There are 2 protein chains.
Amino acid sequence: MLTDAPPNGVRSGQPAAGARRATITDVAEALGVSKGTVSRALNGYPDISDRTRQRVRQAAERMGYLPSAQAKAIRTGRVGAIGLVLQVGEPDEQRPFLADFLAGLTTAASAENCSLTIATAQDDGETRAVLTRLIAERKADGFILPRTRLSDPRIDLLRAAGVPFVLFGRTGDPTGCAWFDLLGEAAMDEAVRRLHAHGHQRIGYLGGGAGLAYNALRLEGYRRALATLGLPCDPALETHGATTMETGAAGTARLLAGAEPPTALVCATDMGALGAHRAAREAGLMVGRDLSLIGYDGVPEGAWVAPPLTTFEVDNRAAGARLAALLIRRIRGEPPEALRETARARLCPRGSDGPPALSSAALARRVAATTSRHHDTKGGRP
Amino acid sequence: MLTDAPPNGVRSGQPAAGARRATITDVAEALGVSKGTVSRALNGYPDISDRTRQRVRQAAERMGYLPSAQAKAIRTGRVGAIGLVLQVGEPDEQRPFLADFLAGLTTAASAENCSLTIATAQDDGETRAVLTRLIAERKADGFILPRTRLSDPRIDLLRAAGVPFVLFGRTGDPTGCAWFDLLGEAAMDEAVRRLHAHGHQRIGYLGGGAGLAYNALRLEGYRRALATLGLPCDPALETHGATTMETGAAGTARLLAGAEPPTALVCATDMGALGAHRAAREAGLMVGRDLSLIGYDGVPEGAWVAPPLTTFEVDNRAAGARLAALLIRRIRGEPPEALRETARARLCPRGSDGPPALSSAALARRVAATTSRHHDTKGGRP
DNA sequence: GTTCGCACCGAAACCGGTTTCGGCAAGGGG
DNA sequence: CCCCTTGCCGAAACCGGTTTCGGTGCGAAC
């Protein structure tokens, strides 16, 4: 109805008008200079006198002026935000990981005046859809890709779209990829050596998610250590897909049921190791004596079981910080080949590993005895 | 050097140019209509014929056009993002909470075509600074405020700035506030009644963080239940500040050292309850018999201790979803008074509570005996 | 046969920044 | 004294959208 729009018109239904934020025009008018001068002064262009720059800086400070990220983005093409899309299908896998990781990401990002926009998806397809939407709407200048696969559709998508990204992990085809990763293979190697030093001869591997890059690397580290130490490398010592307690327990039961079961298990993930812990208990084995376990991740639950889990702690906060820093450099145009970093996870020795109390053969007999006894009494899981 | 700017100029140093995203101008030109027509057609204005609307929709779809959120924001004043600033000072307090909560927030938000920008801060001061920066840079249209205080500086700040917000929790002065909260007081009431039904007479309270709104409400629920049931309400039965295992254990030790110790404890937080669990064990008490415990939060660690912790599970995912929905309605202009929701936490009965095996007096004697014995042998904590 | 209203759409202003271009004044060299 | 830099800044274009305003064509009413 009102044809003459009132200046600074209060739009009805709008929540509490509040003090309108200062714009660059306000600052320019207050100083009697042009918008361009204010912009150049604040962005450090060389063709502004020091005196003017000072005046502009002070006025901006005094008026509480900060440039609108959107308005800036529309011209520069950069939003000042990094993106992260989380896959929350499996609740078990990344729980403790998150808070520290986010803290690392955001603090490092805000040091460069960047914010973090995050989204979630249930599955792979939705992840891709969310990524394309975020790119199209220009909600982020680049992305962090956690939980990389050996062959990862997200990477293909971002590569094709020409959007910067950094992997948390490695991948099959590294061309054009920047990454930060923890040397899981080095940890597995260290774990095998430690168990060997304890006196173990048959050391098994409880692997993680198939197709995920970390699992291939950790498996490789495990196998290479076996080879170096001259230990038997037997397919019957390996199982995969142990990413939760259930799958970890099942995998461990499989390994223990073999003719020559391992007396120690190197586990790719702590959740799998906790499953192994439970399976051992159910088989009447004493963890740390009858069966040694070494995990990887440093999940807090590991400290809760008895005996507590020997594991490799990863500093998720530091990882997040590095990733953010790398991504921002990538967005600024540095080539991906120069942006590849790795770090080592730190061994955290606790009670779940030690010298073997039983030989493999003796262990096999114990297991056989226990399980046959259980078969009569035990029904389905409650 | 090049004075004639090339169309679609490739900016050097820019990472992989990629296919330039389609803009509204591209769509308009492809159809031979004006930008305004495209905009109106896509945004559902009534003065566009159905035929034109269809043509525009299809062309946009075909060209993969999505309006840039920034460009849109500059005119409409709305970025299409909700903000969340997390305080990550104390790592213990909100760990498991996070992943589900974020999943709820983002899925509900993206249903309304909104994204989530998050930031972190170490302490209160930094939280305020981060908030003001996000507001000034217009990185979010409104904010979710978790872990509300009775008197909360963030609320004052947002109220003054006229920025929409929704509390996760309640607060002292509710004017202008919208919120979603779980009825902690109802849970505490239920816990007290349950313990009373078990036969407990002296029921204690292990409270959470001072100044936090939830603690006041839960304490109130506890006290009111005591009064209703005619149970003794004794200051010696209450302690506060038990938000971690350490503080929970210390508080429990204090309560147990009294002349008439409680035979059951209602705990405002699970982490505090887990500390009580440890303290009970260290005092030689059997949890669930000598000392009953009921927690609140449903942290996964509760299922790991023996006996497992009876607690109230909260659905953080649903909470996030409701909060996002409420905030978006708030941003769209609905009055805060209409945007207040609560839900109930669900009791999850496990093994840590039951009929009292000892009277309060007998418990006091047991505790006294154990601690005096311990005083000789026990040094500092390892 | 005008006139009016209505449905539909184009032109252009606008949002808040950045960036290009050009102009003015001061200073230095010939 | 003139010309050419150089330093500094204003004017205006531009980014990709939204929104206002006005105009056209058409059918109905007078």
Side-chain angles (χ1 to χ4, degrees), chain A residues 1-9 11 20-56 60 63 65-80 113 136-139, chain B residues 1-9 11 20-56 60 63 65-80 113 136-139:
Chain A
M1 290 303 157
L2 18 129
T3 48
D4 297 4
N8 294 353
R11 299 188 279 288
R20 195 177 61 88
R21 304 287 323 176
T23 73
I24 198 175
T25 312
D26 299 332
V27 178
E29 283 178 357
L31 263 65
V33 300
S34 73
K35 292 198 310 179
T37 302
V38 175
S39 173
R40 282 179 299 230
L42 292 175
N43 290 335
Y45 277 57
D47 58 348
I48 293 291
S49 73
D50 287 341
R51 212 181 72 84
T52 306
R53 192 184 306 279
Q54 282 307 323
R55 283 178 58 214
V56 171
M63 302 172 70
Y65 168 73
L66 274 185
S68 148
Q70 312 22 283
K72 183 178 291 216
I74 193 182
R75 191 78 227 267
T76 62
R78 290 221 271 268
V79 214
N113 236 301
E137 290 184 331
R138 294 162 187 77
K139 287 275 179 98
Chain B
M1 288 308 153
L2 20 128
T3 49
D4 297 2
N8 294 354
R11 297 187 280 287
R20 196 176 63 87
R21 304 289 320 180
T23 72
I24 198 175
T25 312
D26 298 333
V27 179
E29 284 177 355
L31 264 65
V33 300
S34 73
K35 293 198 310 178
T37 302
V38 176
S39 173
R40 281 180 298 231
L42 259 25
N43 290 335
Y45 277 58
D47 57 348
I48 294 290
S49 73
D50 286 341
R51 212 181 71 84
T52 307
R53 193 184 305 280
Q54 282 307 322
R55 283 178 57 215
V56 171
M63 303 173 69
Y65 168 73
L66 274 185
S68 146
Q70 303 32 281
K72 182 178 291 216
I74 194 182
R75 190 80 228 264
T76 63
R78 291 220 271 268
V79 213
N113 235 302
E137 291 184 330
R138 293 161 189 80
K139 288 275 179 98

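Since the structure is predicted, the reported quantities are computational estimates derived from the model, not experimental observations. Only this structure's heavy atoms are used, side chains among them; waters, hydrogens and symmetry mates stay out. Naming: A, B, ... by sequence-line order, numbering from 1 per chain.
Whole-Å rounding puts the A:M63 CE to C:dG16 P distance at 13 Å. One can place NZ of A:K35 at 9 Å from P of C:dC15, the figure rounded to the nearest angstrom. As a whole-Å value, the separation of A:I48 CD1 from C:dT19 P is 13 Å. Straight-line distance from the CZ atom of B:R78 to the P atom of C:dC15: 17 Å, rounded to whole Å. A straight line from CG of A:N43 to C1' of C:dG16 spans 13 Å, rounded to a whole angstrom. Protein atom CD of A:Q70 is 16 Å distant from nucleotide atom P of C:dC15, rounded to whole Å. Going from atom CD of B:E29 over to atom P of D:dG16 covers 11 Å, rounded to whole Å. In this structure, CD of B:E137 is placed 21 Å from P of C:dC15, rounded to the nearest angstrom.
Between the side chain of A:Q70 and the backbone N or O of B:R138, at least one donor-acceptor pair lies under 3.5 Å. Looking only at distances, no side-chain donor or acceptor of A:S39 sits under 3.5 Å from a matching main-chain atom of A:K35. Although no hydrogens or angles enter the test, the distance criterion places no donor-acceptor pair under 3.5 Å between the side chain of B:R21 and the main chain of B:L66.
When every heavy atom of A:Y65 is checked against every heavy atom of A:T23, the shortest pair comes out as CE1-C, 3.5 Å.
Taking only side-chain nitrogens and oxygens, B:T37 never comes nearer than 4.0 Å to OP1 or OP2 of C:dC8. B:K72 has a side-chain polar atom (N or O) that falls below the 4.0 Å cut-off from OP1 or OP2 of D:dT18. B:Y45 has no side-chain polar atom (N or O) that falls below the 4.0 Å cut-off from OP1 or OP2 of D:dT18. Side-chain nitrogen and oxygen atoms of B:T76 include none within less than 4.0 Å of the OP1 or OP2 phosphate oxygen of C:dC15.
Picking from D:dG17, C:dC9, D:dG10 the nucleotide with the shortest atom distance to the side chain of A:S34 gives D:dG10. Candidate nucleotides C:dG16, D:dC15, C:dC15 were compared by shortest atom distance to the side chain of B:R75, and C:dC15 ranks first. Closest to the side chain of B:T52, from the set D:dT19, C:dC9, D:dG17, is C:dC9. Nearest nucleotide to the side chain of B:I24, out of D:dC9, D:dT18, D:dT19: D:dT18. Comparing C:dG10, D:dA11, D:dC15 by their closest approach to the side chain of A:I74 singles out D:dC15.
Place A:T23 and B:G32 on DNA chain C by their nearest nucleotides, and B:G32 ends up nearer the 5' end.
Among the heavy atoms of the strands lying under 4.0 Å from A:S39 is at least one base atom, whether or not backbone atoms are also near. Contacts of A:V38 with the nucleic acid, taken as non-hydrogen atoms under 4.0 Å apart, are absent.
The shortest side-chain heavy-atom distance between B:V38 and B:L31 does not fall under the 4.5 Å cut-off.
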